[in-house]
Structures are given as structure tokens and as C-alpha cells.
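Predicted model only: the values in this text are computed from it and were never measured.
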Amino acid sequence: MTLLEVSLALATDEPAGLLPAREQMALSLGWHIVLACFGVALPTMIFVFHWRGLYRDDAVALGLAKRWGKVSAVLFAIGAVSGTVLSFEMGLLWPGLMGTFGDVIGLPFAFEGLSFFIEAIFLGIYLYGWGRIPPKRHLLMLIPMGFSGIAGTFFILSVNAWMNDPTGFRIVGGEVVDINPWAAMFNDQVWLQFLHMWVAAFMVVGFVMASVYAVGILRGRYDSHHRLGFKVPFAFASVAAVAQPLVGHVLGLRVAATQPAKLAAFELAAETESPSPLRIGGLLIDGEVRYNFDIPYLGSIIARNSFTKPVQGLDTIPLEDQPPINIVHLAFQGMVGIGTLLALAAVAYWLMRWRGRDLLERRWWLRFVALAGPLAVVALELGWIATEVGRQPWVVYGVMRTTEAAGENSGLWWLLGATVVVYGAMTAGAVVVLRSMAHRWRSGEEDLPSPYGPHLADVERAPR
């Protein structure tokens with residue numbers, strides 16, 4: 001039986017809500033994950049600007065901290081909407097998953113909600129604390145804001161890691177028993193997966209923010225504001241870009257033992273080979289790998305930390321347990337390719353700077369950095385496609401198939417349409433607001449009026 005015949009046979013048994021649930025989840029997660037990166041990384045970068053402004057008496061850095069705080073508020077607001085949508089979607093789109101394992105994975109969702117509220121509280125204090133809180137105490141508001149954003153990401157990733165490596169329960173007679181939500185939350189995969197995402201957040205936000213200032217310099221704004229606005233996020237992005245391949249390599253070593261089908265798709269290993277080559281490009285067509293370029297031994301070295309250990313081939317894995325091979329392989333290679341390019345560019349920049357050459361004076365470099373931000377976002381999305389599609393056909397690996405988690409509600413297509421409209425409107429609104437803020441800042445309006453809350457002049461006139 002060919003792969004197409006197996007797919008058609010399985011499709012007849014798919015619940016009506018499966019396809020719209022998949023499309024809805026892909027849209028929601030793909031959109032929200034970018035905003036989540038800003039919640040993780042932006043407070044730390046703002047802290048660096050604010051600290052520099054206070055302790056080095058740097059007015060430019062302090063101005064950047066103030067501006068970035070307001071940008072963070074806009075992104076947090078739309079991220080709150082998309083995050084809330086996601087929390088409702090889990091039960092609506094995947095009733096089989098939450099109905100069966102809700103008690104197992106409910107704890108991190110509760111903690112993520114608590115982290116969200118803490119982040120919102122301290123973001124509000126930070127925004128309205130300018131000129132109202134003693135300067136050093138005001139700076140400290142960024143610490144709980146940053147840690148709560150990181151903690152919220154950890155709790156959500158613990159659920160995803162659990163789906164890749166389920167633990168904290170037993171199934172007896174078809175029933176979930178001996179539930180240990182703490183063991184489920186702190187599963188064996190969570191720390192490396194969280195580290196991988198945490199580093200990715202700094203990589204994405206660093207390159208995105210650096211690209212904004214690179215565009216400004218390209219347009220003739222070569223001043224201390226734009227140079228510092230470029231250098232701080234680019235420094236964070238550089239460290240993250242160099243560290244990410246190492247983290248990804250360690251995380252990938254676990255995949256060989258825990259999810260061999262995913263690793264086989266990553267490496268496009270149609271057959272078990274010892275040693276395995278590194279396969280660049282290529283597609284699996286009718287069970288045969290085509291259009292690829294192989295580098296001998298390198299597959300075993302990268303995937304197995306060995307010169308001889310093979311990557312388990314797809315020929316050893318039943319067709320019904322294999323993920324969509326070409327999608328996973330191309331997504332994985334796209335992520336690795338972009339990540340490698342950005343890491344090399346970061347190393348080149350700092351090497352040239354060490355040798356006394358400022359690449360910010362080179363327009364070709366600024367054009368590249370302008371593209372680096374979008375490329376980092378693409379790499380992030382490709383990474384999530386690789387890991388999530390690579391887990392298929394399992395929603396809980398080895399325990400529950402995705403078809404078992406979905407419901408029969410075909411009306412979910414209407415929800416998907418509404419979500420497209422809402423997310424499109426939020427994206428357009430965010431772009432309009434951020435562009436308006438940038439235009440007013442360039443025209444000299446540093447202290448943009450707040451839509452609510454006391455203004456500084458009113459506070460200073462108030463009786464004490």
C-alpha cells in the first residue's frame with residue numbers, strides 16, 4: 001500500500017473538526033509565538049537601556065528605555081488577546097485531549113495565567129512610574145516584569161514538552177490514573193525545550209529591533225540614538241545566534257531516542273545508514289530521496305554524536321506512524337540554514353568591529369540586517385513547524401493520536417474565519433499605532449500623552 005493510499009484510508013476516519021482545528025491552531029500559535037518572544041526578551045533589553053541611562057548618565061539610553069517600554073505595552077496588549085484566544089482553543093478544538101488529560105496538564109495553564117497578571121501589573125507600574133517613582137526603584141520594576149514573562153513561557157512550553165514526552169500518569173483499563181501534575185510539568189524534555197525557546201526569543205527580538213534601527217540608518221538617521229538602538233539588541237541577538245546551534249544540537253540528540261520518526265524526517269533518512277550522511281535539500285518522492293546533496297558521516301556526527309551510529313530510517317517505522325516527511329524536512333533545514341546564516345553574520349560583525357571597522361557605515365550590511373529581522377521570525381516559525389508537524393500523527397506522543405483529540409464540530413470553520421478577521425485587524429491596528437508613535441517621536445514628541453492615568457504635570461501641581 002502506498003503512502004497516498006494510507007493517507008486516503010486514514011482520511012475517511014478523520015473527525016469533522018480535525019482539519020479546521022489544525023488550521024486554527026497553526027494560525028493562533030504561529031501568530032502568538034512571535035509576540036511571546038517580545039514578552040520574554042524585551043524587558044531584559046529595556047533593563048540594559050534603563051540601567052545605562054541611570055548609572056552612566058546616558059540620556060539617549062534612557063530615552064530608548066522609555067520608548068521601548070511603550071512599544072512593549074502595545075505588543076503586550078495584542079499578545080494578551082491572542083493568548084486568551086489560545087487558552088479557550090485548547091478545550092474547544094481538542095476536546096479529546098483536554099477531556100482525557102486536563103487534570104494532568106492543567107497546572108501549568110493556571111501558573112501561566114498568574115504569570116500573565118504579574119507581568120501586566122509591573123508593566124503598568126513601569127509605564128506610569130516615569131517621574132513618579134524614585135529612579136533606581138523604577139528600574140527594579142523591570143525585573144519581576146521580565147521574570148514573569150519568562151515564567152509564563154516556561155509553563156506553556158512545559159505542556160508542549162509533555163506532549164512530546166508524556167509522563168505524570170498511568171493508563172489502566174483505558175482510564176488515566178495516578179496523576180502527578182508536578183511530574184508532568186517538570187518532564188524530562190522541558191528544560192532543554194524551554195532553553196531552546198528562550199534563546200530563540202532573544203535571537204528573534206534582537207534581530208527584529210536591530211533591523212528597525214538599521215532601516216533608520218539607511219534613511220540617513222546616523223545618530224547616537226540609532227547606533228545605540230542597533231548595538232544593544234544586536235549584541236543580544238549575536239549571543240543567542242551563536243548559542244542556539246549548541247542548544248539545538250543537545251536537544252536534537254534526545255530526539256533519536258524519544259522520537260525516531262521525527263529525526264528520520266529531519267534528516268530525510270529513507271533507510272538506516274551507518275554512518276549516516278548529512279542530507280542537504282531533497283524531497284521524498286514515492287519512497288525515494290531525490291534532489292539532495294549528501295555530506296558523508298556528518299549526519300551521524302550531528303544527530304548522534306558519533307562517527308558510526310546511524311539515524312534510524314523511515315523504512316523501520318510504520319507508514320501510519322510517520323509525520324509528513326517533506327514538510328518536516330524542509331522546515332527543519334530552513335530553520336537551520338537561516339540560523340547558521342545569522343550566526344555567521346553576527347560573528348563577522350563583531351570580528352570586524354574588533355579590527356576597527358564599523359559595518360554600520362556599509363549600506364550592504366545595513367540592508368542585510370534589515371532582512372535579518374524577518375529572517376529570524378521565519379526561522380522561528382519553521383522551527384515550530386518542524387517540531388509540531390514532526391510529532392504527528394500523535395498529539396500526545398505514543399499515547400493519543402491527533403484524530404482522537406479532535407471533535408466532530410465542523411462549525412469550527414466559522415471560528416477560523418472570525419479569527420483571521422480579528423488577527424488581521426489587530427495586526428493592522430498594531431502597525432498603525434507603532435508607526436504613529438515612531439512618527440511623533442521623530443517629530444520631537446518624546447512624552448506621548450497616556451490615554452488614562454495621571455499626567456506628570458498634574459502630579460507635580462497636586463498638594464503634598
Side-chain angles (χ1 to χ4, degrees), residues 34 37-38 41-42 45-46 48-49 52-53 58-68 70-71 74-75 199-245 334-382 427 430-446:
V34 179
C37 288
F38 283 88
L42 211 53
M45 297 183 189
I46 296 172
V48 171
F49 282 126
R52 181 186 175 105
D58 189 334
V60 173
L62 208 57
L64 284 165
K66 197 170 188 178
R67 291 185 181 186
W68 282 34
K70 294 178 180 180
V71 170
V74 174
L75 298 176
V199 174
F202 279 92
M203 187 173 170
V204 168
V205 175
F207 280 120
V208 166
M209 299 305 286
S211 70
V212 171
Y213 289 94
V215 171
I217 296 173
L218 275 171
R219 293 177 177 176
R221 306 185 192 108
Y222 192 78
D223 51 36
S224 57
H225 171 89
H226 281 78
R227 290 198 304 272
L228 184 61
F230 168 85
K231 289 177 182 177
V232 170
F234 191 81
F236 277 101
S238 298
V239 174
V242 172
Q244 190 67 300
M335 174 195 68
V336 172
I338 294 173
T340 302
L341 174 65
L342 295 178
L344 292 174
V347 171
Y349 171 81
W350 294 107
L351 181 61
M352 297 300 289
R353 181 180 171 87
W354 175 69
R355 297 182 62 181
R357 297 178 62 181
D358 187 2
L359 289 181
L360 290 181
E361 297 177 355
R362 303 288 190 270
R363 294 187 67 83
W364 64 266
W365 167 255
L366 294 171
R367 292 190 184 99
F368 172 79
V369 176
L371 294 174
L375 282 175
V377 174
V378 171
L380 175 75
E381 299 288 1
L382 290 176
T427 302
V431 170
V432 169
V433 170
L434 292 174
R435 286 177 61 87
S436 174
M437 291 166 63
H439 177 75
R440 294 166 70 184
W441 281 329
R442 287 197 297 270
S443 65
E445 297 182 61
E446 285 296 329

Results of side-chain contact (heavy atoms from CB on, under 4.5 Å) for Val347 - residues two or more places apart only: Val242

Does the cation-pi check pass for Arg227 over Tyr213, that is, NZ or CZ under 6.0 Å from the six-membered ring centre and within 45° of its axis? no

Using every non-hydrogen atom in the two residues, find where Ala345 and Phe368 come nearest and quote the distance to one decimal. CB-CE2, 3.3 Å

Interatomic distance, CG@Asp358 vs OH@Tyr222, rounded to 0.5 Å, equals 4.0 Å

Please report the closest heavy-atom contact between Ala210 and Pro233, naming both atoms and the distance. N-CG, 3.9 Å

Give the intermediate values and the outcome of side chain to side chain contact (heavy atoms under 4.5 Å, CB included) for residues Leu42 and Trp68. CA-CA 8 Å; Leu42 211 53; Trp68 282 34; 3.7 Å; yes

Going from CE on Met45 to CE on Met209, what distance comes out if it is rounded to the nearest 0.5 angstrom? 8.0 Å

Please lay out, stage by stage, how Trp441 and His225 fare under the test side chain to side chain contact (heavy atoms under 4.5 Å, CB included). CA-CA 12 Å; Trp441 281 329; His225 171 89; over 6 Å; no

Step by step, would you call Val34 with Glu381 a side chain to side chain contact (heavy atoms under 4.5 Å, CB included)? CA-CA 8 Å; Val34 179; Glu381 299 288 1; 3.4 Å; yes

Give the ring-plane orientation class for Phe230 versus Tyr349, where under 30° counts as parallel, over 60° as perpendicular and anything between as tilted. perpendicular

Rounded at 0.5 Å granularity, tell me how far NE2 in His226 sits from CZ in Arg219. 9.5 Å

Interatomic distance, CZ@Arg353 vs CG@Leu360, rounded to 0.5 Å, equals 8.0 Å

Are Val369 and Phe207 side-chain neighbours, meaning at least one heavy-atom pair lies under 4.5 Å? no

Note: Gly229 and Leu64 closest approach over all heavy atoms is N-CD1, 3.8 Å

Please check if atom CZ in Arg221 has more than 12 non-hydrogen atoms from other residues, nucleotides or ligands closer than 6.0 Å. yes

What pair of heavy atoms forms the shortest contact from Ala370 to Ala214, and how long is it? N-CB, 4.3 Å

Would Val232 and Arg52 satisfy side chain to side chain contact (heavy atoms under 4.5 Å, CB included), going step by step from the backbone distance to the final call? CA-CA 11 Å; Val232 170; Arg52 181 186 175 105; 5.8 Å; no

Atom pair CG (Asp223) and CD1 (Ile217), whose distance is rounded to the nearest 0.5 Å: 8.0 Å

Testing the basics here: between Ala346 and Ser238, what is the closest heavy-atom pair and its distance to 0.1 Å? CB-OG, 3.4 Å

Looking at CZ of Phe49 and CZ of Arg67, how far apart are the two atoms once the value is rounded to the nearest 0.5 Å? 11.0 Å

Provide the closest heavy-atom pair for Ala200 versus Leu380 in the form atom of the first, atom of the second, distance. CB-CD1, 4.3 Å

